[in-house]
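Shown next, in structure tokens, is the structure this report addresses.
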Amino acid sequence: MAEDGKSTVRAVERALDLLLCFTERREWAMTELAEQVGLHKSTVHRMLATLEQRGFVARDAASDRYRLGLRIWELSANMSGADDPAVIGLPEMERLRDLLGETVSLYLRDGNERIRIQAVQSIQAIRRVAPIGARLPLYVGASSKVLIAFEEPERREELLQDASWPAQFDRAQYREQLEEWRALGYAMSVEEREQGAAAVAAPIFSRTGKLVAALSVSGPSNRLTPEKMREQAPAVMEAAKRLGSMLK
């Protein structure tokens, strides 16, 4: 019985691993998925057949490639509601994009990572494209700084002790900068995670004063210079404040 239980849990984990592959790409061939998750092709084929039967993936008969099925959208529809920052914040994010001309993103902290739950892309010819659903580390980037600096002290220290951070990362210097970001009310980053990219971010607090998310404006670093980001910071902070006022 115990072995059956373990086998069942393992099958669920493998199925979820397959579904999570679609956060990286819209479509996959079966052999590509097998290589991605490290499973035998026959195992992946059986799991995909089950997921397809239940509507969680769909197969294109012409290309023999898989994409997410409609059942996924049914599940996600139930996430969108009156308390969903990604839904509530969209008009404010669009307004900020139109004001500053750059890509605007909304991040939540999920454990020791941040995830982009909403994005409004810049309409400029040269721009930074921000895919929704991307998971990113907490030790680099303007939004990461915000999500750590404005956390409760105890939780902040737990995040700073994260063993997954690179061994060469200067935690002492990072701690010194925390108070500076808190005093400013925003944080900036220039080519910390991605070459040629820069961002300025501000914290979003709910009406009860709880840190909920980070709002960021990002673009090419030759356009978003530190001086330019300091000019834009008040607009980003004001947008974050308005967005937070709509959250419980």
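In this text, all values refer to a predicted model and were calculated from it rather than measured experimentally. Sequential numbering from 1 along the given sequence is applied to the chain's residues.
The shortest distance between side-chain heavy atoms of Met47 and Leu18 falls below 4.5 Å. With contacts defined as side-chain heavy-atom distances shorter than 4.5 Å, the pair Met30/Lys41 qualifies. When side chains are defined from C-beta on, Tyr66 does not count as touching Leu51, because their heavy atoms never get closer than 4.5 Å. Using a 4.5 Å heavy-atom cutoff, the side chains of Leu100 and Val236 are in contact. Under the 4.5 Å side-chain criterion, counting only non-hydrogen atoms from C-beta, Arg116 is in contact with Pro131. Contact of the Ile117 side chain with the Pro85 side chain is registered, since non-hydrogen atoms from C-beta on lie closer than 4.5 Å.
Counting only N and O atoms by type, the side chains of Ser206 and Thr208 include a donor and acceptor under 3.5 Å apart. Donor-acceptor pairing under 3.5 Å is recorded for the side chains of Gln161 and Glu157.
In summary, of the residues considered (Leu96, Thr103, Val120), a side-chain contact (heavy atoms from CB on, under 4.5 Å) with Val217 occurs for Leu96 alone. In summary, of the residues considered (Arg182, Arg156, Arg109, Lys210), a salt bridge (charged side-chain N to carboxylate O under 4.0 Å, His left out) with Glu151 occurs for Arg109 alone.
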Open item on the list: The test is side chain to side chain contact (heavy atoms under 4.5 Å, CB included); show your working for Leu160 and Trp165 and say whether it passes.
Closed with: CA-CA 9 Å; Leu160 288 169; Trp165 290 20; 3.9 Å; yes
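Here the CG atom belonging to Asp60 is positioned 9.5 Å from the CZ atom belonging to Arg65, to the nearest 0.5 angstrom.
The shortest non-hydrogen separation linking Ser218 to Leu224 is C-CD1, 3.5 Å.
By the 4.0 Å N-to-carboxylate-O rule, Lys241 lies too far from Glu238 to be salt-bridged with it. In this structure, Glu13 does not pair ionically with Arg10, as no charged nitrogen and carboxylate oxygen lie closer than 4.0 Å. Checked for salt-bridge contact, Glu192 and Lys145 meet the test: a charged N lies under 4.0 Å from a carboxylate O.
A cation-pi contact links Arg114 to Tyr107, judged by a cut-off of 6.0 Å to the six-membered ring centre and 45° from its axis.
Within the structure, every pair that satisfies the ring pair (Phe, Tyr, Trp, His ring centres under 6.0 Å) test and touches residues 175-198, not counting sequence neighbours, is listed here: Tyr174-Trp181.
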